[in-house]
Protein chains: 2
Amino acid sequence: MGGLLSCGFLTYGRENGVSMAQVVEQVVRRGRKFDQVLAGARTIFLRDGFDGASVDDIARQAGVSKATLYAYFPDKQLLFKEICSQECLRQTQEVEAEIDPAMTVEAMLMLAGVRIAGFLMSDFGQNACRLVIGEGARFPELARDFYRNGPALVHDRLAHHLHHLAQNGQLQIDDLDLAADQFIQLCKASILEKLVFRMDHHLREDRVRQSVQGAVEMFMARYGVQRG
Amino acid sequence: MGGLLSCGFLTYGRENGVSMAQVVEQVVRRGRKFDQVLAGARTIFLRDGFDGASVDDIARQAGVSKATLYAYFPDKQLLFKEICSQECLRQTQEVEAEIDPAMTVEAMLMLAGVRIAGFLMSDFGQNACRLVIGEGARFPELARDFYRNGPALVHDRLAHHLHHLAQNGQLQIDDLDLAADQFIQLCKASILEKLVFRMDHHLREDRVRQSVQGAVEMFMARYGVQRG
DNA sequence: ATAATAATGAACTAAGCAGTTCATTTTTCG
DNA sequence: CGAAAAATGAACTGCTTAGTTCATTATTAT
């Protein structure tokens, strides 16, 4: 327990595309229950956290014998890290759809905001956040990976878009990083803490939209060029 | 495990003031190691979380025998809840200093913002947040108490101040709750996720001030009355 | 068909941890 | 001092859980 896997992701015997499978047929696919194991582990880990989840529970959920599970993953920590890595990738894809450059600034912000808030609202988003935050002490490098492949990535893309808009003269921004952070945080207003601390498990749809709408208005009031 | 202590705090045999002690001398103070137990438990729980902390570790840290510990607290959960309750109160006190009504709007916002950000920056604030979020699944009512006595309380006081400022004509706000949430979130911009996900354990002081400064500017751009 | 590979399940080890017990020692206080 | 209250520590119970083993069964490919 220590330096292994300190960065990067595991790719543990699952071809993650068609091209890979074509190049090396049947290399590491050691069994057919691999996906079941991952699916079961994801369910249980997201529900119970690392300590709360027992390997027996995971095996049962996966519909797989414990021996099979251990045939794929030598220990519980590696399985946990693999799940977290997968969730990072999924989170990235969640925000991956391209932004149309022909949009107005408001429309672009609105779209980005709805996606950011939507992720937080999803069961998966909530559980993943809680999991990574809670287990961050035991797995610091994992929390960092999650951050880099999730929040940080969203931040960078947003800052990139803002940069272009500022160059076009549609926005007036001096500190791009700060502006991007501000917008992201504003989208979470009214919803973040209530979710994290389990106040309202499912906030009303209109409250979320209201939050994003408010974020856009505020952002434009500060950085918009039209004045009076 | 269930309904007990579903709301409210434990007051487990420690006079929490002088008046109490004067009224009932020597009621529940069954021993002199009470404070040591609490101190040790706080250290270990904040460091390791609920599952990660073993009762033996706590006793050792407290400089107290396990038997003594169990003489005060019948089980681990009750001790944990007591610690969390204490941390809630402490968090409340953290933001308790009164606001001078003669201040300018900007100065008031700056003060409030620095306090909010300061709490997040503190080791205690970070650990407490992680603890409550991570253990929220096991102790949902505890996460709610923490939220009510912390973030929600800050929100309410801020909204109250904003209400007065709006009545005085110094601000133009239609949705007070939203405005309060927005300001609070803005203060966390640039620092929250980096802390929660353990990117930079100690951000530079100036970056925090910059964040709060940016929050005030943005807030005034949106809700200030001076226009052009 | 048959041989190789994958999966099973059930029993097992070893360790850690919550909570208990109690004979002995220390502290407090009249 | 001397008695009552508090603290000790070390051993012990009972339970949970990570990880192993292996003889048996199912699946796959040639």
Is the phosphate of [N], meaning OP1 or OP2, less than 4.0 Å from a side-chain N or O of [X]?
X	N	value
A:Lys33	C:dA7	no
A:Thr68	C:dT8	yes
A:Tyr72	C:dA7	yes

Which atom pair, heavy atoms only, marks the closest approach of A:Ala189 to A:Ser211?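 Smallest heavy-atom distance, with atoms named: O-OG, 2.6 Å.
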
Which heavy atom of A:Ala117 sits nearest a heavy atom of A:Val208, and at what distance?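 Of all heavy-atom pairs spanning A:Ala117 and A:Val208, the closest is CB-CG1, 3.6 Å.
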
Would you kindly give the [atom1]-to-[atom2] distance between [X] and [N], to the nearest whole Å?
X	N	atom1	atom2	answer
B:Phe73	D:dA6	CZ	C1'	16 Å
B:Ile44	C:dA18	CD1	C1'	16 Å
A:Phe34	C:dA7	CZ	P	11 Å
B:Phe80	C:dA18	CZ	P	13 Å
B:Phe45	C:dA18	CZ	C1'	12 Å
B:Asp75	C:dG19	CG	P	5 Å
B:Leu69	D:dA7	CG	P	11 Å
A:Lys76	D:dT17	NZ	C1'	8 Å

At a heavy-atom distance below 4.0 Å, what parts of residues 48-63 of chain A sit against DNA chain C?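 Here the set is A:Gly63.
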
So, are B:Arg148 and B:Asp145 salt-bridged, with charged N and O less than 4.0 Å apart?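 Salt bridge between B:Arg148 and B:Asp145, a charged N being under 4.0 Å from a carboxylate O: yes.
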
Minimum side-chain heavy-atom gap [X]-[Y] below 4.5 Å:
X	Y	result
A:Phe45	A:Ile58	yes
B:Asp51	B:Arg138	yes
A:Tyr70	A:Leu79	no
A:Arg209	A:Val114	yes

Could you go through nucleotides 20-25 of chain C and list every protein N or O atom that sits under 3.5 Å from one of its N or O atoms, giving the distance for each pair?
none

Quick check against the 3.5 Å criterion: does B:Lys76 have a side-chain atom that pairs as donor or acceptor with the backbone of B:Phe50?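 Yes, the answer is positive, given that a donor and an acceptor are paired below the 3.5 Å cut-off.
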
Side-chain donor or acceptor of A:Asp57 paired with backbone N/O of A:Ala53 under 3.5 Å: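 No; judged by distance alone, with no hydrogens or angles, the pair does not exist.
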
Note the angle between the end axes of the helix from C:dA1-D:dT30 to C:dG30-D:dC1, five pairs defining each, rounded to 10 degrees.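 Comparing the axis at each end, I get an angle of 20°.
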
Report the C-alpha distance between A:Gln185 and B:Gln182 in whole Å, list the side-chain angles of each, state the deciding distance to 0.1 Å, and finish with yes or no for side-chain contact (heavy atoms from CB on, under 4.5 Å). CA-CA 8 Å; A:Gln185 286 303 115; B:Gln182 284 175 328; over 6 Å; no

Any chance you could measure B:Lys33, atom NZ, to B:Tyr72, atom OH, to the nearest 0.5 Å?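 Separation between the atoms: 8.0 Å.
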
